[in-house]
Amino acid sequence: MTNSFKDIEHTNLIFLIGSNPTEAHPILGVKMKKAIRNGAKLIVADPRRTEMADLADIWLPLKPGTDIPLLNGIMHIILKEGLWDKEFVENRTENLEELKKTVEAYPPEKVAEITGIHVELLYQAARLYASTKDASISYTLGITEHVTGTDNVINIANLAMLTGHLGRENVGVNPLRGQNNVQGACDVGGLPDVFPGYQKVFVPEIKEKFTKAWGVELSGKLGLTIPQMFDQAIEGTIKGMYIMGEDPLLSDPDASHVERGLNSLEFLVVQDLFMTETAKLADVFLPASSFAEKDGTFTNSERRVQRVRKAIDSIGESKPDWMIISELSTRMGYEMNYTHPSKIFEEIAKLTPIYAGIDYERLEKKSLQWPCPTKDHPGTPILHVGAFTKGKGTFKGVDHKPPAEVPDEEYPFYLSTGRRLYHYNVTTQYSESLTEYHPDELAMIHPKDAEKIQLSKEDKLKVTSRRGEVVTAIEITDRVAEGTIWMSFHHKDVPTNVLTNGAFDPITLTGEYKVAAVKIEKYRAE
Amino acid sequence: MRSLKLLRNDLKEKYHSISKPRITIGMGTCGIAAGADKVKDALYHAVAEKGLDVDIEVTSCIGMCYKEVNVEVALPDYPPVVYGDITPARVTRMLEEHVVGNTPVLEWAEFQLENGKHTPYQDISSMESSDYYFHQTREVTSRCGRISPENIEEYLITDGYEGLEKVLMTQPQKVIDDIKASGLRGRGGGGFPTGLKWQFAHDAEGDKKYIVCNADEGDPGAFMDRSILEGDPHAVLEGMMIAGYAIGADEGYIYVRAEYPLAIKRLKRAIKQAKEYGLLGDHILESSFSFDIHIKVGAGAFVCGEETALLNSIEGKRGMPRLRPPFPAVKGLWGKPTNNNNVETYANVALIFRKGTEWYASIGTENSKGTKVFSLTGKIAKTGLAEVPMGTTLRQIIYDIGGGIQENKRFKAVQIGGPSGGCLPEDKLDIPVDYDSLIKVGAMMGSGGLVVMDEATCMVDVARYFLTFSQAESCGKCTPCREGTTRMLEILNRITSGEGEMEDIERLERLARVMKTTSLCGLGQTAPNPVLSTLRYFKDEYIAHIKDKRCPSGVCNHLLTYSIDAEKCIGCTACAKACPVNAITGTVKKTHEINPEICITCGACMEACHFDAVIRV
Amino acid sequence: MKKMSDVTLTIDGKQIKVPSGTTVMQAAEKAGLSIPALCYDPELSIAGSCRMCVVEIDGMNNLPTSCSTVATEGMVVQTKSKPVIEARKMVLELYLADHPLDCMTCQKNGNCLLQKYAYEYQVKDTPFKENKHRYPIEDNNPFIVRDMDKCINCGKCIRVCDEVQGRNVLQYAYRGYDTKVTTAMDVPLIESECVFCGSCVAVCPTGALLEKKMIGKGQSWEVEKVKTTCPFCGVGCNFDLNVRDGKVIGVTSNPESEVNGRHLCVKGRFGTDYIHHPERITTPLIKKEGVFVEASWDEALDLVSKKFLAMKKEYGNESIGALSSARCTNEENYVMQKFVRAVIGNNNIDHCART
C-alpha cells in the first residue's frame with residue numbers, strides 16, 4: 001500500500017476495484033464504512049453486488065476481466081474533460097503522450113460495450129474520482145488474479161498519477177494483501193528473483209553482499225516460481241520439494257496439474273500443522289507450531305511490522321518452523337544457531353535496508369512501517385511523498401486482453417472465486433466454531449440461472465470446467481450476475497481449484513483465479 | 001405582497017348574511033361519540049320529509065362536552081341559538097318550533113349568540129352571560145364550535161391569516177421581539193418563554209431550520225390540543241408559519257398522535273386549502289417567504305411528547321429522548337436548528353399577531369400572560385373545555401365554570417398536569433392558576449388537564465394509577481425511570497393490597513428523590529410527582545392502608561370486606577345470583593351470608609341488592 | 001478551525017484547567033478523580049442513560065451526567081456529594097434488583113463493571129425484591145452467549161454495532177421495564193444479520209454477552225493475556241491470546257491495538273480454536289510403504305537431510321525447490337529462503353504471494 005489504513009479512514013473517496021473488504025479484510029471494511037459515514041464517497045467496480053456495492057454511490061458491475069478497458073474509459077473521459085491534475089503530471093510523471101494514445105482508443109461507448117457498464121455511469125465515476133481532491137484506490141485479488149494482472153495494476157497506477165492522487169495523505173493506491181504475512185514473506189526474500197528487501201539476485205554487488213554475510217557462494221540465477229516448479233516436476237527436472245505452511249493442492253489453480261507435479265517428485269517434505277491435502281502426498285511430514293506457540297513478526301498490508309508473541313509452549317513434539325529449518329540446515333552441514341527469533345530479525349535488519357532501523361526493542365513499544373532505514377527513523381506511513389522511488393512516475397498505456405478462457409457454447413458460465421468472511425484459506429477448516437457456523441461451500445448462482453436448470457436451494461450443483469468437476473451446495477442470490485458462478489476455495493470436500501484455469505500472468509505468474517469458463521448441471525446422486 | 005383584505009371583505013359579504021335557515025352540528029370527536037352523526041342523519045331525514053330549504057353545516061366542539069350533541073340554529077335576521085343535549089328524537093320538534101315557527105325551544109336552548117345586529121330572543125341568555133361561559137375568556141378557542149374547520153374561507157372571514165400578513169411585512173427579529181413582549185410561555189407544560197426559545201433557534205447557525213408542532217397530547221384526561229386541531233386547524237398552521245418566518249425555517253412538521261384521526265383529517269384538509277390559497281408553499285402571499293408543512297403521525301408513545309424523543313420519532317428512530325445540550329434550537333430535527341412548540345402555543349401566536357402584543361400582555365398575571373385552555377374531567381359536574389385568563393383560581397374553574405362535584409359529593413383533590421403533575425387538596429383551591437404558583441405547591445401547569453376527584457377517590461390508588469401509566473410509558477432509556485417507575489409501582493401495589501410496611505414510605509420518598517434529580521428527561525423527572533404530592537397532602541391515607549389495612553375511601557379491593565346486614569336482607573337471592581364466584585349462600589326468603597374466604601370483593605352483590613343490605617367495610 | 005481556549009473549573013475543591021469542549025468527566029479524570037460510568041465509552045457516542053456518572057454542579061437543576069456535560073469557565077462540580085452518592089447507590093440498587101446475583105459462577109467475575117461499582121459503593125442488597133426478568137439464555141450459535149438477565153441496557157452493544165461496525169443489528173425493543181436489546185423482530189443472533197465480529201462482547205460491561213468457548217475455562221485472574229498479531233488476513237489486527245494452564249482458551253481484543261483497537265472479525269476473535277484441534281499433527285511422520293508412521297525428530301531430519309544432500313549430489317543444486325509461507329513469520333520466511341539459497345544452493349524459493 002502506498003498509504004496507511006488511517007488514510008482510508010480519512011479519505012473523501014474510496015474507489016474499490018476487485019475487492020470485497022467487508023468479507024476478506026473485515027476490519028478494513030469497518031474503517032471504510034467509517035469514512036463513508038463521515039461523508040466519503042464510494043465507487044465500487046465489481047461484477048458481484050458485494051456489501052460495499054450496496055453502500056456505493058456508484059456501482060460499476062463490470063464483466064469479469066474487463067478492468068483495463070474500464071480504467072482506460074475512465075481516463076479517456078478525464079483527459080477529454082480536462083479533469084486531470086496538470087501540475088502533478090507535469091512535475092512528477094513522464095510519458096503522458098503514450099497513455100493518451102492508448103486511451104484515445106477507448107471512448108465511453110466502446111467501453112460500455114466491452115464492460116457492460118452504462119455510459120452515464122462511466123462519466124459519473126470519472127468525474128467523481130477525478131474531481132475529489134482526497135481520493136484513494138483500494139484493490140485486491142480481483143485485480144491481480146488475472147492473466148492481465150500486471151497490466152491491471154499498471155493501469156491503476158496510471159489513473160492515480162493522472163489525477164495526482166499519490167504521494168500525500170488520504171490518497172494513494174492501496175493493494176490489500178490477502179494473507180496475514182504475504183507482505184513480510186516477500187519483504188524477507190521468499191521470492192525467486194530477490195534477496196530480502198527486494199534486492200535482485202542477479203545484481204553482482206548484491207549477490208556479493210549476501211555471499212559475504214552468509215559465508216557461502218550463492219547462485220545469481222533466477223529461481224523458479226511455483227507454477228514453474230510444478231511444470232518442471234512433471235518434466236522431471238525438479239526432483240524434490242520442501243513445502244512449508246502451504247497447501248497448493250487446495251489453493252493453487254488447476255489442482256490436477258498441481259497434483260501431477262507433486263506426484264512426479266522423488267521426495268516431498270511438508271511442514272505444517274495439519275495433514276493437508278498436499279501433506280498426504282509427502283514422504284516426510286514435519287510438525288510445525290502455530291502462531292500462538294512462537295515469537296516473531298508479521299508485516300501487514302500497510303507495511304507495518306508487528307510482533308507475534310509466544311503464548312503457550314509448542315504442542316506435543318511440534319517445533320516452530322524456524323527451529324526445524326535451522327536444525328535441518330545444521331544437519332546438512334550449514335550451521336544455523338539462532339537462539340531466538342529476535343536474533344534472526346537482527347540478521348534481517350542488517351541485510352535489508354528497508355528493515356534496517358527495526359528491532360524487537362522498538363517493536364515492543366510501537367509497530368513500525370517500512371521503509372525504516374535507521375534506528376531513529378519513525379517509519380514511513382506514506383510512500384512516494386515528493387518523488388517516486390525511481391524518480392518520475394512513468395505512464396504506460398495498456399490494452400485490453402480478454403481473459404485466457406471466456407465462456408463459450410460448451411462452457412457457457414463464468415466461474416469466479418474468492419474468500420468468505422467466515423473462512424480463511426484452509427486453516428479455518430480446523431476451527432470448530434467457524435466450521436459449525438459455516439460448514440459447507442455454497443456456490444453463488446443467480447436465481448434465473450437456477451430456475452433454468454430447476455435448481456432449488458436444497459439441491460446440489462455440479463460445476464465442470466475443462467480441467468475437472470466439483471459438486472457443491474448452493475446459495476441462490478442475485479448478488480452474482482446472470483451467467484456467473486462464484487465459489488470460495490476453503491473447503492477440501494469442494495476443491496474449487498480443480499476448476500480454475502492454470503493460465504498465469506506472464507510477469508508475476510499469478511493464476512487467473514477470477515475467470516474460468518464452466519458448465520453447470522443439477523447434481524443427481526447415482 | 002398580495003393582501004387578503006379584499007378577499008376577506010368579499011367573503012364577509014358572502015357569509016355574514018344568510019338568506020335561509022342554517023343548522024350547524026357540533027362534530028368534534030366528543031360530539032361524534034355522543035351521537036352527532038345520528039343527529040345529522042335525523043336532521044337530513046326530517047328536513048327532506050318536511051321539504052324545508054335549510055343549509056346543514058358542521059362545526060367542531062364548542063366546549064360543552066357535558067351537553068353534547070350541540071346544535072346551532074340560525075334564521076335570517078335572528079341571532080343563532082345553540083342547543084344542548086340534542087338527540088335524534090328531539091330533531092323534529094326543534095325544526096318545527098324553531099325553524100318553521102321561529103319559536104326557539106326554550107328548555108333545550110343553552111344560549112343565543114348576540115351580534116348587535118339582530119334583536120335577541122326573550123328568555124335565552126347570551127353566550128357570555130351563560131353559566132358555563134360567564135367566567136371564561138374565549139380567545140384561543142374563539143373559533144372552536146363556531147366556524148367550519150374544514151373551510152378556509154370561514155377562517156379568513158374571522159380575520160385568519162391576518163397575523164401572518166402583518167408579520168411578513170416586518171423583520172424576523174421584530175417578530176421575535178413582539179413574542180417576547182407578549183409574555184407568551186409554552187403551553188406544553190414547562191412554560192418556557194416562547195420568545196427566548198425562538199431567539200435561540202433564530203441565532204443558531206444552520207443551512208436549514210425546522211419548525212415542529214407537538215400535537216402528541218398524551219396526558220390522561222387532556223384534550224385541549226385535540227379540540228383546537230379539530231376546531232381551528234388553520235390557527236396552528238398560521239402560528240407555525242409565523243414562527244418559521246421568525247427563525248428562518250422553511251419547513252414544518254406537525255407530530256400528531258394516530259389516536260386523533262379527525263384532527264389529522266382536518267389538518268390535511270387545512271394544509272391543502274392553504275396551499276390552494278397561496279398561503280402555504282412557495283412565496284406565500286407573493287412574498288419571499290416559503291414554507292411547507294408535513295404531518296407525521298405518531299404511534300402513541302407518551303414519551304414522544306417529550307420534544308427530543310419526538311424529533312427521533314419524526315426521523316424514524318425509536319422514540320427515546322436525546323441528551324441536552326445540544327438543545328433542539330441548536331441541533332434538532334436531522335441535526336438542524338429546530339423550534340418546537342405545542343398546538344396551543346402556536347394558536348396563541350396567531351392570536352397575538354392578529355390582536356396585538358399589548359392587548360395580549362394585558363391578559364393574565366405578572367409572569368403568566370394570556371389565557372389557558374383546560375379540559376375538565378373526572379368527578380366534575382360539567383365536563384368540557386374551558387378557557388380562562390391566567391390567574392383564575394382553581395375554585396373558580398371547578399365550581400363557577402365546572403359546576404362543582406357530580407352528585408353533590410364532597411371535593412377531595414384535583415389532579416393537574418397529567419402524570420407529571422400533582423394532586424392538590426381543598427385548601428389549595430384558591431391559588432391562582434399560573435406557571436409559578438402551581439410549581440410552588442408541588443403540581444405543574446402541564447398541558448391543561450384537570451382531573452377532579454371526589455370523596456370516594458382513594459389517593460393511594462390515584463398515585464398507583466398514574467405510576468401504572470408512567471411505568472408503561474417509560475421509554476426504557478435511563479435507569480432511574482425504567483427501573484424506578486417499576487419499583488415504585490410495586491410498592492404502591494403492595495400498599496393498596498394491604499401488604500405495605502411503614503418503610504415503604506421512606507423507600508418511595510428516596511426513590512422519588514433520585515428519580516427527580518437523576519432521570520434523563522422530563523418524563524422520569526416528574527413521574528414521582530403524583531406519589532410525592534399525594535404523600536404530601538394525603539399521607540394519612542397511606543398510613544391507613546399500611547397500618548390499619550384499611551382503604552378509607554373504600555376503593556382498594558384487597559382491603560375491603562363485604563357482609564350482609566341480616567336486618568335488611570329479605571332473602572331475594574339477587575346478590576347470590578350476581579356473585580361471580582359463588583361466595584354467597586342462603587335460600588329464598590332467608591338471610592344470605594358472604595363467605596369472606598371465597599369473596600373477591602368485586603362489589604357485584606352490593607350493586608345487585610335493592611335493600612341496601614350489603615355492607616362494605 | 002477556531003482556536004480552542006482553556007477553561008478553569010473546580011472539581012471537589014480542586015481547580016483544574018482544561019481545553020474548552022472537555023466534558024466534566026474528562027476534566028475529573030485529568031484531576032485524578034474517577035467517576036463511575038456504565039454506558040460511557042470513549043469510542044462511542046454519548047448515551048447518558050445509565051446515570052451512574054451524575055455529579056452536582058452549582059447552578060444546575062438536578063444532577064447532570066458528567067459524561068455529557070461540557071465544562072465551562074468557573075463551573076463548580078461536586079463528584080461525591082451526598083445527593084450524588086445517594087443517586088449512584090440507588091441506581092445500583094435498581095440494577096441489582098433485576099440482576100441474577102450469581103457472581104460466583106459468572107464468567108465475568110472480577111471483570112464486571114456492575115460488580116466493581118456495587119463493591120465500591122458497598123451496595124450489598126436491594127430493597128426491591130419483587131420481580132426479576134427471566135429470559136432464556138441464547139446460546140444457539142457457536143460464538144456468543146447472550147444472557148439478557150444480566151443486561152443492564154447500557155446500549156454499548158447497540159452503538160458499537162451501529163457506529164463502528166456499521167451493521168445496525170441491535171436496537172432497543174419493548175418499553176419501560178421490559179426494554180431489551182434485541183435484533184430486528186427479536187430473533188436470535190444466528191437468524192439475524194449479525195456477522196459475529198464480537199465487538200458487542202468486547203464492550204459489554206457485564207456478563208450479558210460472553211465468548212461462548214471461554215465460559216468455564218478460567219476466571220479473569222487465572223488468565224494470562226498475551227498480545228499478538230492475528231494470523232488471518234493482511235490487515236494485521238492485534239489481540240490478546242487468553243492463556244490458562246498452557247492452553248489458549250480464547251481471544252479478547254486489546255484496546256491498545258494500533259490497527260484495530262478493540263475490533264476484530266469473526267475469524268480473529270473466534271477462529272483461533274484450531275490451535276488445539278485434535279487433528280493437529282504433533283509428531284514427525286515418515287511415509288513407509290505408502291503409510292505415515294511416527295518418527296523421532298532425529299530420524300525425520302536425518303532422512304530429509306540425507307535425501308536432500310543425495311539429490312544435490314545426484315541431480316545438481318537445481319533439482320530442489322521450496323515453498324515458504326505467507327502464514328509464517330518474517331523470521332521463518334527469512335530462514336527458509338536462506339536455507340534454499342545458502343544450503344540447497346539455488347533461488348527456487350517462492351510462496352503463494354499471489355493469493
Side-chain angles (χ1 to χ4, degrees), chain B residues 299-303 308 312 317-326 467-491 493-494 499 501 503-504 506-527, chain C residues 38-39 45-56 60-65 67-70 72 81-99 126-133 152-155 158 162 168 171-181:
Chain B
F302 179 67
V303 73
T308 57
N312 273 350
K317 296 176 186 153
R318 179 175 163 95
M320 274 182 159
R322 302 175 182 175
L323 282 174
R324 280 171 297 192
L467 250 298
T468 308
F469 181 87
S470 297
Q471 186 266 343
E473 294 294 342
S474 166
C475 80
K477 182 168 179 172
C478 77
T479 318
C481 176
R482 179 185 66 237
E483 310 287 332
T485 50
T486 299
R487 302 309 170 192
M488 214 170 221
L489 178 60
E490 279 175 4
I491 296 173
N493 278 334
R494 269 207 309 269
E499 289 157 27
E501 46 194 38
E503 291 78 15
D504 281 336
E506 187 266 337
R507 277 181 201 129
L508 282 174
E509 285 168 343
R510 198 160 65 92
L511 246 179
R513 199 159 54 232
V514 172
M515 285 168 69
K516 258 175 110 79
T517 55
T518 312
S519 292
L520 192 155
C521 83
L523 193 155
Q525 288 161 10
T526 58
Chain C
L38 288 162
C39 73
S45 65
I46 304 279
S49 62
C50 73
R51 317 306 283 181
M52 269 303 281
C53 75
V54 291
V55 291
E56 208 174 338
M60 284 200 192
N61 288 338
N62 301 333
L63 303 174
T65 41
C67 65
S68 65
T69 307
V70 174
T72 55
S81 68
K82 210 177 142 212
V84 167
I85 301 297
E86 180 185 46
R88 290 186 191 152
K89 283 190 165 180
M90 176 59 82
V91 167
L92 289 168
E93 282 173 14
L94 289 170
Y95 274 133
L96 296 189
D98 192 24
H99 200 87
T126 175
F128 315 112
K129 295 182 194 294
E130 291 197 22
N131 286 303
K132 270 185 203 248
H133 283 108
I152 58 169
N153 278 314
C154 72
I158 297 174
D162 169 17
N168 281 304
Q171 189 41 281
Y172 288 116
Y174 311 107
R175 307 257 295 252
Y177 179 65
D178 292 328
T179 300
K180 181 183 165 204
V181 176

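Here is how names work: the chains are called A, B, and so on, in the same order as the sequence lines, proteins then strands, and each is numbered from 1.
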**Report entry** Top contributor to chain B contacts, counting heavy-atom pairs under 4.5 Å, from P64(C), A173(C), G155(C)
**Finding:** A173(C)
Report summary line: In short, side-chain hydrogen bond (donor to acceptor under 3.5 Å, both in side chains) pairs touching residues 474-483 of chain B with sequence neighbours left out are T479(B)-Y95(C)
Query - Non-hydrogen side-chain atoms of L92(C) and K89(C) separated by less than 4.5 Å - result: no
Query - Euclidean distance, Q525(B) CD relative to L520(B) CG, rounded to 0.5 Å - result: 8.0 Å
Query raised in the report: Can you check whether C481(B) reaches L523(B) side chain to side chain, under 4.5 Å on heavy atoms?
Result: yes
**Report entry** Greatest number of heavy atom pairs closer than 4.5 Å to chain C - which of R324(B), E473(B), R322(B)
**Finding:** E473(B)
Query - Contact class of D178(C) relative to chain B, heavy atoms under 4.5 angstrom - result: neither
**Report entry** Portion of L323(B) that has a non-hydrogen atom of chain C nearer than 4.5 angstrom
**Finding:** side chain
Requested in this report: Can you tell which part of M515(B) gets under 4.5 Å to a heavy atom of chain C, answering side chain, backbone, both or neither?
Outcome: neither
**Report entry** Student check: side-chain heavy atoms of L489(B) and Y177(C) closer than 4.5 Å
**Finding:** no
Query - Among the listed options P325(B), P321(B), S519(B), the residue most often paired with chain C at heavy-atom distances under 4.5 Å - result: S519(B)
Requested in this report: Could you list the residues that satisfy salt bridge (Lys or Arg N to Asp or Glu O under 4.0 Å) with K82(C), not counting sequence neighbours?
Outcome: none
Query raised in the report: What's the spacing between E93(C) CD and E86(C) CD if we round to 0.5 Å?
Result: 9.0 Å
Requested in this report: Could you grab the distance from atom CD of Q171(C) to atom NZ of K317(B), nearest 0.5 Å is fine?
Outcome: 10.0 Å
**Report entry** Part of R513(B) lying under 4.5 Å from any heavy atom of chain C
**Finding:** side chain
Requested in this report: Under 4.5 Å heavy-atom distance to chain B, tell me which part of I46(C) shows up: side chain, backbone, both or neither.
Outcome: both
Query raised in the report: Please walk me through it: do L94(C) and T486(B) pass side chain to side chain contact (heavy atoms under 4.5 Å, CB included)?
Result: CA-CA 10 Å; L94(C) 289 170; T486(B) 299; over 6 Å; no
Query raised in the report: Non-hydrogen atoms of chain C under 4.5 Å away: do they reach the side chain of T485(B), the backbone, both or neither?
Result: neither
Report summary line: Okay, E503(B) and chain C: the region with an atom under 4.5 Å from a heavy atom over there is neither
Query raised in the report: Given a strict heavy-atom distance threshold of 4.5 Å, which part of S470(B) is in contact with chain C: side chain, backbone, both, or neither?
Result: neither
Report task. Under 4.5 Å heavy-atom distance to chain B, tell me which part of V91(C) shows up: side chain, backbone, both or neither. Result -> both
Query raised in the report: Among C154(C), P83(C), G48(C), which has the most heavy-atom pairs under 4.5 Å with chain B?
Result: G48(C)
Query raised in the report: Which region of R510(B), side chain (C-beta onward) or backbone (N, CA, C, O), has a non-hydrogen atom less than 4.5 Å from a non-hydrogen atom of chain C, or is it both or neither?
Result: both
